[in-house]
There are 2 protein chains.
Amino acid sequence: MVEDHPVVVEGLRRILAQEMPHAALLEFNTGETFLQHLREAQHLVTLALLDITLPDTNGVELCQKAKNLSPDTCVLGFSNHNDRALIMQMLSSGASGYLLKNVGAPELMQCVREALNGQMAFSDEVKKIIARPSAAHVKAVPPLTKREKQILRMIADGKTSADIAAELLVSPFTIETHRRNLMQKFDVNNAAALIRLAAQLQLI
Amino acid sequence: MVEDHPVVVEGLRRILAQEMPHAALLEFNTGETFLQHLREAQHLVTLALLDITLPDTNGVELCQKAKNLSPDTCVLGFSNHNDRALIMQMLSSGASGYLLKNVGAPELMQCVREALNGQMAFSDEVKKIIARPSAAHVKAVPPLTKREKQILRMIADGKTSADIAAELLVSPFTIETHRRNLMQKFDVNNAAALIRLAAQLQLI
DNA sequence: TTTTTTCTACTGGTTTTCTGGTAGAACACA
DNA sequence: TGTGTTCTACCAGAAAACCAGTAGAAAAAA
């Protein structure tokens, strides 16, 4: 667990000790100590419970870095934040699930087991939040023109600029320009990052 | 609407005529006629209700093609299929929502209005299906090694092979090899398509 | 312990993307 | 009718990705 609230640490410790007495439980109170542990890889971390607000970082960033260092580690967000966008960000960052801190012991253990089992795991309240379609996240999307959306999808399809130009009956130069404008709007510098963002924003 | 069941067509026609008397309602009973209409673009299509099983194609493919031709058209899946994976595929293909055919008129119109409003729209039953985390979709994922998952995420972050090599302290050649292997496993031929697929499969 | 898989590394050549310019035509809208 | 936006188009050079091989070392699995 990566958690800086002593009370929560204590609670988790008790529950886990009782329910999974054989599991090795590691406790970190900052993101950096956790990442350091992953780097050294003394012990594999099979499952991590990440608090969202930590003294030195935030859950989303930490989750990304952790998954980069250790792709097989299963990450669960564990926080009081019930903001849909945040939860979605965690999932996009590779988290396998999300729990609100108000969960009871049975629900917590249920989620842990699901996650260890390769499933997505959410506490009941989070399920409701996810089911509720968001109108908010659309706001953050940079406005794309019709043509840009169209070309974005074709890039995601794996088509080259030449392919797209042929399909749309315009010059390849034109497509290159659109490509550039798209990357500029999303503030990225290659197609991979562009498509990742677009996928996260549900544009494709 | 793109729908080949006369009874459903009739039902939709009545409901829509009553609830949105000023809207122009176009009816297609095959995917191809619909796509043809989009190509000719005589009239903009603001919202499309797509049946999933059609004589000449399936909803997912049709949705993709339709969004390629007309990115601003809002697509709603409309079918009896309540398979979570299928619904997710539709959403990944650009659909703005999904309704089961058992919806009543008020729910239908509610979803249509939400969709026109730029929101995601789901019938109540679909919301439940989406909230329920799936274990199934994991099966279709090609098995990636730890290292590959790690590098995949870094590619999605927009990092170049050189960047990644520097970060992981290996040769850029190595990263290039991993890149190639990843693309081969996913059967795509560039990073954009790779990342799109990975995003759809929730690997990043 | 043998076998298989994964991770590593290289050559060399081709294709594509990315960067940083510029700029005219068409369109929408005020 | 002017103004801003979108779509189009071009050049040229640098950087990166892609392709088709091969292959040794390390680690995991049989």
Side-chain angles (χ1 to χ4, degrees), chain A residues 39 41-44 46 68-72 141-198 203, chain B residues 39 41-44 46 68-72 141-198 203:
Chain A
R39 272 190 216 102
Q42 298 158 335
H43 312 282
L44 290 184
T46 46
N68 272 350
L69 285 169
S70 172
D72 283 346
V141 179
L144 298 186
T145 70
K146 224 168 172 155
R147 202 56 153 174
E148 282 168 345
K149 287 184 214 168
Q150 191 178 26
I151 289 166
L152 179 63
R153 312 189 112 255
M154 296 171 102
I155 294 172
D157 285 343
K159 293 173 179 159
T160 67
S161 296
D163 291 342
I164 299 172
E167 204 168 321
L168 298 181
L169 300 173
V170 295
S171 156
F173 292 116
T174 304
I175 307 301
E176 300 262 309
T177 304
H178 283 305
R179 262 190 126 99
R180 233 171 339 137
N181 293 338
L182 278 166
M183 291 195 290
Q184 210 164 46
K185 281 192 179 176
F186 282 83
D187 193 28
V188 296
N189 33 14
N190 61 42
L194 176 68
I195 296 307
R196 194 270 202 79
L197 253 181
L203 294 174
Chain B
R39 273 189 217 101
Q42 297 158 335
H43 312 283
L44 290 184
T46 46
N68 272 349
L69 284 169
S70 171
D72 282 346
V141 180
L144 298 187
T145 70
K146 222 167 174 157
R147 201 55 153 175
E148 282 168 345
K149 285 184 215 168
Q150 190 178 28
I151 289 166
L152 179 62
R153 310 189 113 254
M154 295 171 101
I155 295 171
D157 285 343
K159 293 174 178 157
T160 68
S161 295
D163 292 342
I164 299 173
E167 204 168 323
L168 299 182
L169 301 174
V170 296
S171 155
F173 291 119
T174 304
I175 306 301
E176 300 263 309
T177 304
H178 283 304
R179 264 190 124 99
R180 237 173 334 137
N181 293 338
L182 278 166
M183 291 194 290
Q184 210 163 45
K185 281 194 180 175
F186 282 83
D187 193 30
V188 296
N189 34 15
N190 60 42
L194 175 69
I195 296 306
R196 194 268 203 79
L197 251 181
L203 294 175

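Throughout, protein chains are lettered first and strands after them, A, B, ... in sequence-line order, and every chain is numbered starting at 1.
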Flag, side chain of B/Gln184 to backbone of B/Asn181, donor-acceptor distance under 3.5 Å
no

Strictly under 3.5 Å: I want the nitrogen or oxygen pairs between protein and nucleotides 21-25 of chain D, one per line.
from, atom 1, to, atom 2, distance (Å)
D/dG21, N7, B/Arg180, NH1, 3.4
D/dG21, O6, B/Arg180, NH2, 2.8

Rounded to whole Å, CD of A/Glu176 lies from P of D/dC7 at a distance of 17 Å

Mark yes or no for whether A/Asp157, through its side chain, and A/Met154, through its backbone, hold a donor-acceptor pair below 3.5 Å.
no

Could you tell me the separation between the CG atom of B/Asn189 and the P atom of D/dA20, rounded to a whole number of Å?
10 Å

Could you tell me how far apart A/Arg179 (CZ) and D/dA9 (P) are, to the nearest whole angstrom?
17 Å

Kindly state which residues belonging to residues 146-170 of chain B come within less than 4.0 angstrom of DNA chain C, counting heavy atoms of the residue only, listed by number.
B/Lys146, B/Arg147, B/Val170

Report yes if some heavy atom in the side chain of A/Lys146 is under 4.5 Å from a heavy atom in the side chain of A/Lys149; otherwise report no.
no

Taken to the nearest whole Å, CE/A/Met183 to P/D/dA16 is 13 Å

Is any side-chain heavy atom of B/Val188 closer than 4.5 Å to one of B/Leu182?
no

Applying side chain to side chain contact (heavy atoms under 4.5 Å, CB included) between A/Lys185 and each of A/Leu197, A/Leu194, A/Leu144, report the one that passes.
A/Leu144

Nucleotide interval of DNA chain C bounded by contacts with chain A (heavy-atom cut-off, under 4.0 Å)
C/dT16 to C/dG21

For B/Ile175 and D/dC18, what is the distance between atoms CD1 and C1' respectively, to the nearest whole Å?
15 Å

Test item: A/Ile164 and A/Val170 side chains (from C-beta on) under 4.5 Å apart, heavy atoms
no

Quickly work out the B/Ile195 CD1 to D/dA17 P distance and round it to whole Å.
11 Å

Any side-chain to backbone donor/acceptor pair from A/Glu176 onto A/Phe173? Under 3.5 Å, distance only.
no

Using a 4.0 Å heavy-atom cut-off across all strands, classify B/Thr174 as base, sugar-phosphate, or nothing.
base

Tell me the interatomic distance from A/Asn190, atom CG, to D/dA17, atom P, rounded to whole angstroms.
7 Å

Within a strict 4.5 Å, meaning less than it, do heavy atoms of the B/Pro172 and B/Ile175 side chains meet?
no

Find out whether A/Asn189 and A/Met183 are in side-chain contact, i.e. whether some heavy atom of one side chain is under 4.5 Å from a heavy atom of the other.
no

Heavy-atom check, side chain of B/Lys159 versus side chain of A/Asn190, under 4.5 Å:
no

To the nearest angstrom, how far is A/Leu144 atom CG from D/dC7 atom C1'?
15 Å

Check: B/Leu152 and B/His178 side chains under 4.5 Å, non-hydrogen atoms:
no

